[in-house]
Amino acid sequence: MDRIRERMNALRVEADESAAKVDELHAKVKALEQENLAKEQEITSLTHKNQVLETENEKLDTTVRELKKSATDGEQHGTHNETLQRRLQLLEEEAEEADKTLRETNEKLRLTDVKAGHFERKVQALENERDQWETKYEEMTAKHAKLQKDLDDLQAELGAI
């Protein structure tokens, strides 16, 4: 009788541990989903920033072309030409800086895509593990119910004696 109680207690402890593990895995899945959502929002933000930078870059390229044309047209105005050339140089530097920023943003976006893929794989693995734990939990619950029935039957037989 004590062995049965010990076995029942062991099964209860094991079931409680399994339930705790399931809860822990659910919490991990939720955390990963939140992290994935944050990454998706960051990707959206970086994509928007990328589009803004591309538009700004196009504007700067257009401005650079216009300034170059003005510089060739206004050669007779030496001082004006020098001013425009300085302005053109500054715009080209800004365009280069914008290109550099665009490349960095694209690289960050690529890395974020890689990380998002990695986290998606992690989430899938954790979901699979969770499913396994749920299956084990259901099996243990069925075993527990069977053992409980056996115990009740045994008690009834012992009571009948």
Side-chain angles (χ1 to χ4, degrees), residues 9-148:
N9 287 337
L11 287 174
R12 283 187 187 125
V13 168
E14 191 174 324
D16 290 343
E17 289 173 353
S18 294
K21 184 68 174 179
V22 166
D23 290 342
E24 179 184 321
L25 291 174
H26 282 295
K28 283 182 182 179
V29 167
K30 281 187 180 184
L32 287 172
E33 287 173 348
Q34 288 294 328
E35 190 174 301
N36 192 21
L37 179 62
K39 294 296 180 182
E40 288 175 1
Q41 289 173 347
E42 185 179 350
I43 287 170
T44 303
S45 173
L46 289 173
T47 302
H48 175 69
K49 188 174 181 180
N50 188 18
Q51 291 172 347
V52 169
L53 287 173
E54 286 177 352
T55 303
E56 187 177 321
N57 189 29
E58 289 174 8
K59 288 178 185 177
L60 289 174
D61 284 344
T62 303
T63 305
V64 167
R65 279 186 245 112
E66 291 172 3
L67 288 174
K68 283 182 180 179
K69 182 180 178 189
S70 295
T72 56
D73 290 343
E75 284 184 25
Q76 70 266 12
H77 302 95
T79 57
H80 183 64
N81 189 19
E82 289 176 9
T83 303
L84 288 176
Q85 286 177 349
R86 277 186 252 129
R87 188 171 176 195
L88 176 63
Q89 183 180 5
L90 288 174
L91 288 174
E92 286 176 343
E93 289 173 3
E94 287 177 9
E96 288 175 6
E97 188 65 32
D99 284 342
K100 179 181 175 187
T101 304
L102 180 61
R103 283 191 300 276
E104 290 173 359
T105 302
N106 283 335
E107 181 62 23
K108 286 179 183 178
L109 179 61
R110 186 189 64 75
L111 290 174
T112 302
D113 284 342
V114 169
K115 286 180 182 178
H118 173 72
F119 286 120
E120 287 173 2
R121 287 189 300 276
K122 268 188 166 179
V123 164
Q124 184 62 39
L126 286 172
E127 286 175 349
N128 289 340
E129 186 176 340
R130 181 205 61 209
D131 292 342
Q132 290 173 353
W133 278 107
E134 286 176 353
T135 303
K136 279 185 179 180
Y137 176 75
E138 290 170 5
E139 290 171 3
M140 293 307 288
T141 303
K143 283 182 182 178
H144 178 265
K146 183 178 183 251
L147 287 174
Q148 183 66 42

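This is a predicted model, so every value here is computed, not measured.
Distance check: Leu88 CG to Glu93 CD gives 10.0 Å after rounding to the nearest 0.5 Å. His26 NE2 to Glu127 CD: the interatomic distance, rounded to the nearest 0.5 Å, is 10.5 Å. Taking CG of Leu46 as the reference point, atom NZ of Lys39 lies at 10.0 Å (rounded to 0.5 Å). For the atom pair Glu120 CD and Asp113 CG, the distance stands at 9.5 Å (nearest 0.5 Å). Between atom CD of residue Glu54 and atom OG1 of residue Thr105 there is a gap of 9.5 Å, rounded to the nearest 0.5 Å. In this structure, the separation between CZ on Arg86 and CG on Leu91 is 13.5 Å, given to the nearest 0.5 Å.
Salt-bridge annotation for Arg130 and Glu134: present, with a side-chain N of the basic residue lying under 4.0 Å from a carboxylate O of the acidic one. Ion pairing of Glu24 with Lys28 is present here, as a side-chain N (NZ or NE/NH1/NH2) and a carboxylate O approach within less than 4.0 Å. The existence of a salt bridge linking Lys136 and Glu139 is excluded, since no basic side-chain nitrogen approaches an acidic carboxylate oxygen closer than 4.0 Å.
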Exercise for the section: Given salt bridge (Lys or Arg N to Asp or Glu O under 4.0 Å), test Arg110 with Glu107 step by step and report yes or no. Expected result: CA-CA 5 Å; Arg110 186 189 64 75; Glu107 181 62 23; 2.4 Å; yes
Practice task
Evaluate the criterion side chain to side chain contact (heavy atoms under 4.5 Å, CB included) for residue pair Lys68 and Glu92; output intermediate values, then yes/no.
Solution key: CA-CA 11 Å; Lys68 283 182 180 179; Glu92 286 176 343; 3.5 Å; yes
Exercise for the section: Given side chain to side chain contact (heavy atoms under 4.5 Å, CB included), test Leu11 with Lys143 step by step and report yes or no. Expected result: CA-CA 9 Å; Leu11 287 174; Lys143 283 182 182 178; 5.6 Å; no
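Heavy-atom neighbours of Lys115 NZ from other residues, nucleotides or ligands within 6.0 Å: at or below the threshold of 12. Counted within 6.0 Å of OH on Tyr137, heavy atoms from surrounding residues, nucleotides or ligands total 12 or fewer; the atom is thus considered open.
Of the residues listed (Thr63, Thr62, Leu67), the one engaging Arg65 in a side-chain contact (heavy atoms from CB on, under 4.5 Å) is Thr62, and it is the only one.
No side-chain donor-acceptor contact under 3.5 Å links Ser45 to the backbone of Gln41.
The shortest side-chain heavy-atom distance between Leu25 and Glu129 falls under the 4.5 Å cut-off. Annotation: side chain of Arg12 is in contact with side chain of His144 (closest heavy-atom distance under 4.5 Å). Taking the side chain as every heavy atom from C-beta outward, Glu40 and Leu37 approach each other to under 4.5 Å.
Taking every heavy atom of both residues into account, Leu60 and Ala98 meet most closely at CD1-CB, 4.3 Å. Ala116 and Ile43 make their closest contact through CB-CD1, 4.2 Å (heavy atoms, listed as atom of the first residue, atom of the second, distance). The heavy-atom pair separating Ala95 from Asn57 by the smallest distance is O-OD1, 4.2 Å.
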